[in-house]
K.L.:
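Once you've had a glance at the structure underneath, I'll fire off some questions.
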Amino acid sequence: MTLPNEAPRLGIVRQPHSEGLPPPSYETSGSAGMDLRAALPQDRQIVLLPGKRVAVPTGLIFEIPEGFEAQIRPRSGLALKNGVTCLNAPGTIDSDYRGEVKVILVNLGEEDFIIERGMRVAQMVIAPVVQVLVEERVEVSETTRGDGGFGSTGFA
Ligand SMILES: O=c1ccn([C@H]2C[C@H](O)[C@@H](COP(=O)(O)OP(=O)(O)OP(=O)(O)O)O2)c(=O)[nH]1
Ligand SMILES: [Mg+2]
């Protein structure tokens, strides 16, 4: 898939344990996310027991363009088939983070879940971020909603 040359650029630096794994890429031309792979040693699996969580290494360090973030989100197939999801979804990768990106998975299913090298465990969406100035005020403007929330408009 080819993107225009002026598209924002995500820099990736590999750590040794991700050598040989395919880099993140869009699976289809309209994909919002790029899948992230588990950078485990060939001979090491993670057995994620029901109810347990783990930080899965990706072996990747990112340089996210300024003004963007990376969101780490679950894959729906793993969620539906195995009950495995990202515990902190969406995980936030700050543009100034220079450590290894990890995927925090939790097993909400009933069976053990085996994670192997190269498995696509989550997806990452690059999204624009707006940083705001915080202003302390005496009051906020009136609205029709006011302080109604948490189901105040009904459910049907
Ligand atoms: O799923 C995730 C979430 C975060 N991070 C890394 C990148 C992110 O920039 C950093 C901090 O994440 P966050 O702000 O969510 O965690 P925190 O608990 O607030 O830590 P900190 O005090 O370092 O901000 O940790 C990951 O590798 N994977
Ligand atoms: Mg933080």
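Bear in mind the structure is a predicted one, so any value in this text is a computation, not a measurement. Note that the numbering runs from 1 along the sequence shown for the chain. One-based numbering, in listed order, for ligands and for the atoms of each.
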K.L.:
Picking from R73, M34, E27, what satisfies side chain to side chain contact (heavy atoms under 4.5 Å, CB included) with Q123?
P.N.:
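Going through the options one by one, the only one that passes is R73.
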K.L.:
Determine whether more than 12 heavy atoms belonging to other residues, nucleotides or ligands lie under 6.0 Å from atom CD of E110.
P.N.:
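Atom CD in E110 is not packed in, count stays at 12 or less.
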K.L.:
Which residue and atom name correspond to the protein heavy atom nearest atom 7 (C) of ligand 1, and how close is it?
P.N.:
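For atom 7 (C) of ligand 1, the nearest protein heavy atom comes out as Y97 CD2, 3.3 Å.
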K.L.:
Among all protein heavy atoms in this structure, tell me which lies nearest to atom 26 (C) of ligand 1, with the distance rounded to 0.1 Å.
P.N.:
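In this structure, atom 26 (C) of ligand 1 has I93 CD1, 3.3 Å as its nearest protein heavy atom.
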K.L.:
Taking everything shown except E111 itself, do over 12 heavy atoms lie less than 6.0 Å from its CD?
P.N.:
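No, because the 6.0 Å sphere around CD of E111 holds 12 heavy atoms or fewer from other groups.
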K.L.:
What about L78 and V47, same hydrophobic cluster or not, with Ile/Leu/Val/Met/Phe/Trp/Tyr joined at side-chain heavy-atom distances under 4.5 Å?
P.N.:
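They do not share one cluster, since no chain of ILVMFWY contacts under 4.5 Å joins L78 to V47.
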K.L.:
Identify the closest protein heavy atom to atom 1 (O) of ligand 1: which residue and atom is it, and at what distance?
P.N.:
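Protein heavy atom at minimum distance: N88 ND2, 3.0 Å.
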K.L.:
Which residue holds the protein heavy atom closest to atom 28 (N) of ligand 1, what is that atom called, and what is the gap in Å?
P.N.:
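The answer is K102 O, 2.7 Å.
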K.L.:
Inspect the surroundings of CZ in R9 and state if more than 12 heavy atoms from other residues, nucleotides or ligands are less than 6.0 Å away.
P.N.:
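Check fails, neighbour count at 12 or below.
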K.L.:
Can you confirm whether something in the protein, heavy atoms only, sits under 4.0 Å from atom 16 (O) of ligand 1?
P.N.:
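Neighbour list for atom 16 (O) of ligand 1 is empty of protein heavy atoms (cut-off 4.0 Å).
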K.L.:
Do me a favour and list the nearest non-hydrogen protein atom to atom 12 (O) of ligand 1 with residue, atom name and distance?
P.N.:
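Minimum-distance protein heavy atom for atom 12 (O) of ligand 1 reads T92 O, 3.8 Å.
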K.L.:
Distance under 4.0 Å to a non-hydrogen atom of V101: what atoms of ligand 1 satisfy this?
P.N.:
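Answer, ordered by atom number: 27 (O).
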K.L.:
Tell me the contacting part of V103 for ligand 1: side chain, backbone, both, or neither, using a 4.0 Å heavy-atom threshold, strictly below.
P.N.:
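None of V103 does.
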K.L.:
Nearest protein heavy-atom contact for atom 11 (C) of ligand 1: which residue, which atom, what distance?
P.N.:
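The answer is D94 OD2, 3.8 Å.
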K.L.:
Please check this pair: side chain of R117 against backbone of H17, looking for a donor-acceptor N/O pair closer than 3.5 Å.
P.N.:
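Yes.
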K.L.:
Would atom 20 (O) of ligand 1 count as contacted, meaning some protein heavy atom under 4.0 Å?
P.N.:
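Not a single protein heavy atom is under 4.0 Å away.
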K.L.:
Heavy atoms of the protein only: does one fall short of 4.0 Å from atom 5 (N) of ligand 1?
P.N.:
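Looking at atom 5 (N) of ligand 1, one finds that a protein heavy atom does lie closer than 4.0 Å.
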K.L.:
Do L60 and L21 sit in the same hydrophobic cluster, where Ile, Leu, Val, Met, Phe, Trp and Tyr count as joined when their side-chain heavy atoms come under 4.5 Å apart?
P.N.:
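No, L60 and L21 fall in different hydrophobic clusters.
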K.L.:
Do side-chain atoms of T85 reach the backbone of P74 as a donor and acceptor pair under 3.5 angstrom?
P.N.:
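Pair absent, no side-chain N/O of T85 close to backbone of P74.
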